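Worth saying up front: this structure is predicted, and the values here are computed from it rather than measured.
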Amino acid sequence: MLDEDIKKLNKIKLDLLRMSNCIETCKTNKEKDSYQNICLEYSKQLQTLKETIEETYGIHLCCCPTTKK
């Protein structure tokens with residue numbers, strides 16, 4: 001079950017990245033607004049799924065990059 005949930009989380013991340021790349025290539029503000037709204041919804045779903053996984057399995061998932069010191 002955890003594997004499936006992690007795969008869902010990663011799929012949402014990939015979809016969000018693809019949509020955010022589309023924002024850069026938009027030709028109109030209307031098109032750009034549409035992609036930004038889609039990205040907002042993906043971000044909300046990503047956060048919800050992350051919180052659910054953390055609560056269900058008692059683990060902490062970091063969504064931010066780590067830096068080496």
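Considering only residues two or more places apart in sequence or on other chains, Thr52 meets the side-chain contact (heavy atoms from CB on, under 4.5 Å) condition with Thr48, Thr56. Under the rule for a side-chain hydrogen bond (donor to acceptor under 3.5 Å, both in side chains), Gln45 has no partner lying at least two apart in sequence or in another chain. With sequence neighbours excluded, the residues forming a side-chain contact (heavy atoms from CB on, under 4.5 Å) with Glu41 are Lys44, listed by chain and number.
Counting only residues at least two apart or in different chains, salt bridge (charged side-chain N to carboxylate O under 4.0 Å, His left out) contacts with residues 51-62 comprise Lys50-Glu54.
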What pairs of donor and acceptor atoms, side-chain ones from residues 29-38 against any protein atom, are under 3.5 angstrom apart with sequence neighbours left out?
from, atom 1, to, atom 2, distance (Å)
Glu31, OE1, Lys27, N, 3.1
Ser34, OG, Lys30, O, 3.2
Asn37, ND2, Asp33, O, 3.3

Enumerate donor-acceptor pairs with a distance under 3.5 Å from any side-chain N or O in residues 17-25 to protein atoms, sequence neighbours excluded.
from, atom 1, to, atom 2, distance (Å)
Arg18, NH1, Asp15, OD1, 3.3
Ser20, OG, Leu16, O, 3.3
Ser20, OG, Leu17, O, 2.8
Asn21, ND2, Leu17, O, 3.4
Thr25, OG1, Cys22, O, 3.0

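Note: the hydrophobic cluster containing Leu46 also contains Tyr57 (ILVMFWY, side chain heavy atoms under 4.5 Å, direct or indirect links). Each of Leu14 and Tyr42 belongs to its own hydrophobic cluster when Ile, Leu, Val, Met, Phe, Trp and Tyr are linked at side-chain heavy-atom distances under 4.5 angstrom.
Within the 4.5 Å cutoff, the side chain of Asp3 has no heavy atoms near those of the Asp5 side chain.
Interatomic distance, Leu49 CG to Lys13 NZ, rounded to the nearest 0.5 Å: 10.0 Å.
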